[in-house]
Structures are given as structure tokens and as C-alpha cells.
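Down below is the structure, laid out as C-alpha cells.
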Amino acid sequence: MGDSILNKYWNRGCDFLGVEKSILCGAMSWISEASLVSAISNEGGFGIIAGGNMPPDLLVKEIEKTRSMTDRSFGVNLVTVANEFKGQVAQVAKTNVKHVFIAGGIPDAEEIKQLKEAGKKVTCFAPTLFMAKRMIKYGADALVIEGSEAGGHVGPVSTSVLVQEILFHLSEVPVFVAGGIGTGEMMANYMAMGAAGCQLGTRFVVADECIAHENFKNLYIKAKAKDAVVTTRMDRSLPTIPVRAIANKGTRKFDELQLELIGKLKKKEISKKEAFEQLESFWLGGLRKAAIDGDVDNGSVMAGQIVGTINSTEPAKSIIDNLVEHAEEAVKRFAAER
Ligand SMILES: Cc1cc2nc3c(=O)[nH]c(=O)nc-3n(C[C@H](O)[C@H](O)[C@H](O)COP(=O)(O)O)c2cc1C
């Protein structure tokens, strides 16, 4: 670990993650691959590969590629709703990656056990205190609480409320806070409240090492906080998972797709499962279209509200240095004010 004044605040997170700086770059489908993940980890932070819907053998190759680009600690994010989730769990268990993050719903105790028996440290996402406690009972080694300010699939509750509902009541495992964080000051404040570290996604999309298309990054630079909106649920019969993205033709097409699927559901032309699958593949395909192909009009430009504070692209090193510098200044201020 380094000699930062932040050690007192993020020691637990650094020890858990095996890093110098308890700054996590949250997994982002299509975007969090070897280049960004290794860049973050090489700067002392913690990069996380997005497993998303990657076939298990490709995911193993991405882990190997990332390992060839960094000898530091990094993790893999798996999403419970992915078609090949169980296959991914089985394959990742055989790799030498130490940390697995499970998002997109509540994993079974069995899946956590399987990973832990393979020597992995498992971090889960907790939407409520009740679920946080259940995850710990299932064997989760750490938790992420992610508020609705975040980009991508989000829960309904803001970070500030989750902090009061969950963080303030848990000490058994390290808790990382995510959603709406873009500055060192904010990180320092969450850590002073008990967070073991902070997870940022949106802020790192504009890193030079991030493979996102320049159109995607340029839209991030232009967008205001209010442009990153959450999708609306059109009908109770199809309880979609909200997604936060920059409003464009793609978000309007999502509304149209919902209406079409609700119509088909009511006529019993498709099952709820099929409807959900179509919605999920819309997002995954839409994100690829925008982030990789650069079609930011029709694709999905998932982004958190903190996008409004982003003004330029820059190397991962300069983003991390800036976060650390401002977090250090904030904790010095805390000490001086006491
Ligand atoms: C473009 C984009 C894609 C994302 N994809 C995923 C994902 O595949 N899995 C996941 O667990 N979280 C995903 N997230 C959430 C991030 O990992 C992270 O928790 C979140 O961005 C933190 O909030 P922030 O956007 O306010 O920084 C995504 C976020 C963005 C912006």
C-alpha cells in the first residue's frame, strides 16, 4: 500500500482488493475490457472486466489478455441475468482471477459457494439492508451499494439514501459506494461515512485507454447531468429494469419496443421471459451500437448523472491522480476542522 493520508480511510478496501488505491472502475459492458481494466489497475486502482453476455471461453481469453497487460489485482463482473451466467461462473472459477463481482440480481448461495470454494473473493450488489444481510449470510465477502444516479441498469433508490439505509448499519464486510461519484471530495466524504472505497463508471469512460468510440466520449463531454435520464416503465405487466442513458432516438425506440411487447403480452403472443430477453438484448445491442460502432443517435449511450461534470478525455492516470489529490485535500480539511 502507498503512503497516502487516505490510508486511514481506505485501508480496509485496499487490503480487500489488494490495491494501493481503493478506487474501483465499475464494469461496463463492451467497454471494460483488457485495455481499460489494465490501465486502471496499473495506476493502483481496481479494474473490473465486464462479463456481460460474453461466452465463457471468450471471457477466459479476456482475463488472460488482461493478465498479460498487468500484474496487479483486477476483477471480473458477472451478471446473474446473462444467458450463460452459470457457465461463466464455472469457467471463471478455474481462472486465477481472485475477485468476482456479481451484479444484475441476487445470486444463489450455491453460486457464491462455488466461487469461494475455488478461492475467489465474491462481492455482491445489495439493493436493501435486508438483501445485504442475506448476501453476507450466503458468503459475500464485500458489497457494493449503487444508487440510481449511476449509468446503465439502476435500482430505484439514490446513493445518499442507500448509504443511510445500508452503509450505516453494516460493519461485517467492506462496503463500496457507487453511483454519482466523480470527484475526490465526494469519495473522501463517503469514506469518512464508512465506505471502504468508491466505484466509478461514467468518469472513466473518457479515459484515453477506454475503447469507447470517440462519438460516445464526445457526447459525454457535451452532456449535462439532466440529459442522463432513466427509462420509464410503461405498464405494470412488464416491470422493466430502469436504465440510465443520455436521451436520444435510442431511448425513444426503447419506449416503443416496450409498448409493442406489452401489446404482445396482453394478447399472449409472447411470454414475460421472452419479453424481458428482448428488452435486455435491446440494451446490450444498443450499447454496442453506440459505444463501439459510434452510432450515438440510435444506440444506447448509457451514462450516469455525473456525466455533466466531464469536460475532456484524459489518461486514466490523470483521472486517478486528480481523484486522489482532491480526496487527500478533503481529508486534510476534515482533520483541520476538528
Ligand atoms: C456505459 C455503462 C455500462 C455499464 N455496464 C455495467 C455492467 O455491464 N455491469 C454492471 O454491473 N454495471 C454496469 N454499469 C455500472 C458501472 O459498473 C458502475 O457501477 C456505475 O457506472 C457507477 O456509477 P456512475 O456511472 O455514476 O459512476 C455500467 C455503467 C455504464 C456507464
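Counting convention: from 1, in listed order, for ligands and their atoms alike.
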Check whether any side-chain N or O of S73 sits under 3.5 Å from a backbone N or O of L17 as a donor-acceptor pair, and report yes or no. yes
F46 and F176 aromatic centres sub-6.0 Å: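 Ring-ring flag for F46/F176: false, centres at least 6.0 Å apart.
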What does the contact table look like for ligand 1 (nitrogen or oxygen on each side, cut-off under 3.5 Å)?
| residue | atom | partner | partner atom | Å |
| --- | --- | --- | --- | --- |
| ligand 1 | 5 (N) | S29 | N | 3.2 |
| ligand 1 | 8 (O) | S29 | N | 3.3 |
| ligand 1 | 8 (O) | S29 | OG | 2.6 |
| ligand 1 | 11 (O) | N77 | ND2 | 3.0 |
| ligand 1 | 12 (N) | A27 | O | 3.2 |
| ligand 1 | 14 (N) | A27 | O | 3.3 |
| ligand 1 | 17 (O) | A27 | N | 3.3 |
| ligand 1 | 17 (O) | A27 | O | 2.7 |
| ligand 1 | 19 (O) | E146 | OE2 | 2.4 |
| ligand 1 | 19 (O) | Q199 | NE2 | 2.8 |
| ligand 1 | 25 (O) | G151 | N | 3.1 |
| ligand 1 | 25 (O) | T202 | N | 3.4 |
| ligand 1 | 25 (O) | T202 | OG1 | 2.6 |
| ligand 1 | 26 (O) | G180 | N | 2.7 |
| ligand 1 | 27 (O) | G201 | N | 2.8 |
| ligand 1 | 27 (O) | T202 | N | 3.3 |

Determine the sole option in K86, K120, K116 for which the salt bridge (Lys or Arg N to Asp or Glu O under 4.0 Å) test with E111 is passed.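 Looking at K86, K120, K116, the match for E111 under the salt bridge (Lys or Arg N to Asp or Glu O under 4.0 Å) is K86.
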Strictly by ring-ring contact (aromatic ring centres under 6.0 Å, His included), give each pair with a member in residues 254-277 just once, sequence neighbours left out.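 Sorted pair list: F254-F282, F254-W283.
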In plain terms, say whether K289 and D293 are close enough for a salt bridge, that is, a side-chain N and a carboxylate O under 4.0 Å apart. no
Mark yes when over 12 heavy atoms from residues, nucleotides or ligands other than F168 sit less than 6.0 Å from its CZ; otherwise mark no.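 Enclosed.
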